[in-house]
Amino acid sequence: MFQHKDDTVLEALQRRGVTRRDFIKMSILLAGALGLDYKRVGAVTHALETAKRAPVIWLEFQDCAGCTESISRSQNPTLEKLVLNDITIEYHETLMAAAGYQAEEAKQAAMETYKGQYILVVEGSIPLANGGYCTIGGRAADDILREAAANAFAVVAVGNCASFGGIPRANPNPTDAYGVMELVTDKPVINIPGCPAIPEAMTNTIANILVLGSIPELDALNRPKLFYAQTVHDRCLRRGFYDAGLFADSFGDDGYQNGYCLYKLGCKGPTTYNTCASLKWNEGTSWPVEAGHPCLGCSEPNFWDGGGFYQGASAPLQKPDLVTVGGAALVGAVVAGGVAGLNSAAKKRAAKSEKAEQPSDKEA
Amino acid sequence: MTPESAMQFVRGPLFYFAVLFFIAGMTYRLIGVLALGWKKDLVQPRHSKLGGALVAYLKGVIIWPFIPRINETAGRNPVTYLAGGLFHLGLFLTIFLGAAHMLVWKSLLGFGWPTLPLPVIDALAAIAIISLIVLALNRVMSPVLRLLTRSSDYFNLLFVFLPMFTGFFLTHRLFAPYDSMFTLHVLTVDILLIWIPLSRISHFMFYFYTKARQGVKFAQRGARP
């Protein structure tokens, strides 16, 4: 399996029968996909010619394999092929043919061989409660993660679960789920949140690390700025309707049929940073808001508990019910009544003492 | 505290507390005034008391403020009249007819209503902000007003200014990303909700009460002990 471990990416490609012409094409495409200037195609070519082919180890914990489904439908087949086949994913429970001890051995061998070089991709959240609700081969998820992260070059957390805990972390969070960046603090962790993550964002980030050997520019939540610098709202095709005050008030009404803004139906676009509106999904076919559904905010932390999906983005997350409001009013009324009672008693006392003094006035 | 957890906090527990504090505080204020002590009303009213209250509302709330000639404040202090009026108008239309604000009411009350387009709300918000700046300058510059002003009045101005500014910056994407400014906006609203019962901004509740009392007195038209 590792007989060509010192291969460069180019050598690995040549071994697969990729021609020089195809290789240059791939470099150009890759440079474009990485958001590089055309002048830097040469740099990409050079990197692919000289960089050691480094593998990806893909771990799955509390996940639904949706991000794996997503990356396998990347709209950029060359880039996908590059990441999945040519750069190689050495270990991926869903995609690999091996199973059981054989698979675990392959992972251990890859981790040993490519110590400090491999990219660790994590999909799914990591539970800490009860010694780990999620175990693979008898080992707890956080144990597996820490071992794999220890010798990784960088860790990429794909999907909202691996980035921020996602759905497993939603209230009441029975498994005490965590995102990778909360557990791995001594390695660069790159988050590609989304439910699922956008395939191009995943392949691009992995390719960026492998080809350029560097971590892409990240925002405050460790998300690559290339994909997460702008809100969904900023790039939304319905944005003009928002500015003009034209909204759909319910699913299927006139405004909805006219394609008006979905803000009043609970769209979280204004507070959600992601690139859905630009890249779209399924080879650029469409994306949720274009298809008529408000944005759920799936690339933001706590999106599952961040207010109802169909409640306005501005709506409060906690609101007192009628009984609590009544209770608060009662507290106010009781305190006011008490103060008024004391006041009234003081007035009566004053009136009494005034009356008591009056006769003495007359006598005098 | 991450930016995200800050937003969760101001929209969640802090908002919850602020609303309850506001309700308890305002009930305290109102009951406190109502329970100040009433003397038995021995005067036979000439006209209906309810009618008097309604007329007072009609004149004081709906008609007089909009007719400068008749409204005394307009002649004596045009700045207070004009800026004060525009401030309240802009503020309340923004609070109730802005799309984002309506959604807050909808989540609290369970029902919504049509809203105004963003550019209109934007203009109203700008008018309210400019009016409040004018009122603040007037308060600082007028020697009479300065004598009547205490530090709490400056706090009133500050705590009303902050949600208005952050809200305006929010819609225009100024100075900070949308979500950070959104957090600040909700935070300042929470602070305002807590501050209102402690301050004279609670006048909006007493205003209607006072007008009704005045109307009743006017309806009696009799000699009072």
Side-chain angles (χ1 to χ4, degrees), chain A residues 164 219-221 229-231 233-234 241-247 249-250 261 263-266 269-273 297 300-303 305-308 311-320 322 324-341 343-344 347-348, chain B residues 2-5 7-37 97-108 112 114-122 170-171 173 177-180 182-183 185-186 190 197:
Chain A
F164 310 124
D219 72 0
L221 289 171
Q230 283 174 317
T231 64
H233 187 63
D234 287 335
F241 293 120
Y242 174 88
D243 290 339
L246 297 171
F247 297 100
D249 286 312
S250 66
C261 175
Y263 183 69
K264 286 187 182 174
L265 296 177
T271 48
T272 304
Y273 287 82
E300 295 298 317
N302 301 318
F303 88 98
D305 294 325
Q311 202 175 47
S314 58
L317 300 180
Q318 276 180 34
K319 57 196 180 214
L322 217 56
T324 320
V325 167
L330 196 68
V331 167
V334 165
V335 174
V339 173
N343 185 29
S344 165
K347 269 162 101 176
K348 269 185 192 148
Chain B
T2 63
E4 181 59 30
S5 67
M7 190 200 276
Q8 302 269 334
F9 178 69
V10 299
R11 291 175 67 193
L14 187 61
F15 179 79
Y16 187 90
F17 171 76
V19 168
L20 289 183
F21 186 89
F22 175 80
I23 289 168
M26 292 306 272
T27 317
Y28 169 80
R29 293 289 303 269
L30 190 64
I31 302 277
V33 171
L34 291 177
L36 269 178
L97 296 181
H101 292 154
M102 187 279 283
L103 290 175
V104 176
W105 293 110
K106 192 177 174 184
S107 86
L108 292 176
T115 52
L116 291 173
L118 190 61
V120 178
I121 290 296
D122 201 36
L170 174 64
T171 52
R173 304 286 199 278
Y178 186 94
D179 45 346
S180 323
F182 180 47
T183 305
H185 183 60
V186 181
D190 291 344

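Below, read A as the first sequence line, B as the second, and so on, with proteins coming before strands; counting in each chain starts at 1. Just so you know, these numbers use all the heavy atoms, side chains as well, and skip hydrogens, waters and symmetry mates.
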Identify which of [options] forms the greatest number of heavy-atom pairs closer than 4.5 Å to chain B.
| options | value |
| --- | --- |
| G266(A), G332(A), G341(A) | G332(A) |
| G308(A), P320(A), G245(A), A340(A) | P320(A) |
| L330(A), L246(A), L322(A), V325(A) | V325(A) |

Any idea which heavy atoms bring [X] and [Y] closest together, and the distance?
| X | Y | answer |
| --- | --- | --- |
| D243(A) | P119(B) | O-CD, 2.8 Å |
| A315(A) | L103(B) | CB-O, 4.2 Å |
| G12(B) | L317(A) | CA-CB, 4.1 Å |
| Q311(A) | S107(B) | NE2-CB, 3.4 Å |
| A99(B) | Y263(A) | C-CE2, 4.4 Å |
| A328(A) | I23(B) | CB-CG2, 4.3 Å |

From the list V339(A), V334(A), V331(A), side-chain contact (heavy atoms from CB on, under 4.5 Å) with Y28(B) holds only for V339(A)
Report which part of [X] has an atom under 4.5 Å of a heavy atom belonging to chain B: side chain, backbone, both, or neither.
| X | value |
| --- | --- |
| F164(A) | neither |
| S344(A) | neither |
| A329(A) | both |

#### Entry: Pair K319(A)-V19(B), side-chain contact (heavy atoms from CB on, under 4.5 Å): steps then yes or no
CA-CA 8 Å; K319(A) 57 196 180 214; V19(B) 168; over 6 Å; no
Cut-off 4.5 Å, heavy atoms of chain A, and the answer for M26(B) is neither
Contacting moiety of P13(B), where chain A heavy atoms sit under 4.5 Å: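 Contact with chain A: backbone and side chain both.
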NZ of K106(B) to CG of D249(A), rounded to nearest 0.5 Å, is 7.0 Å
Donor-acceptor under 3.5 Å (S314(A) side chain, A100(B) main chain): yes
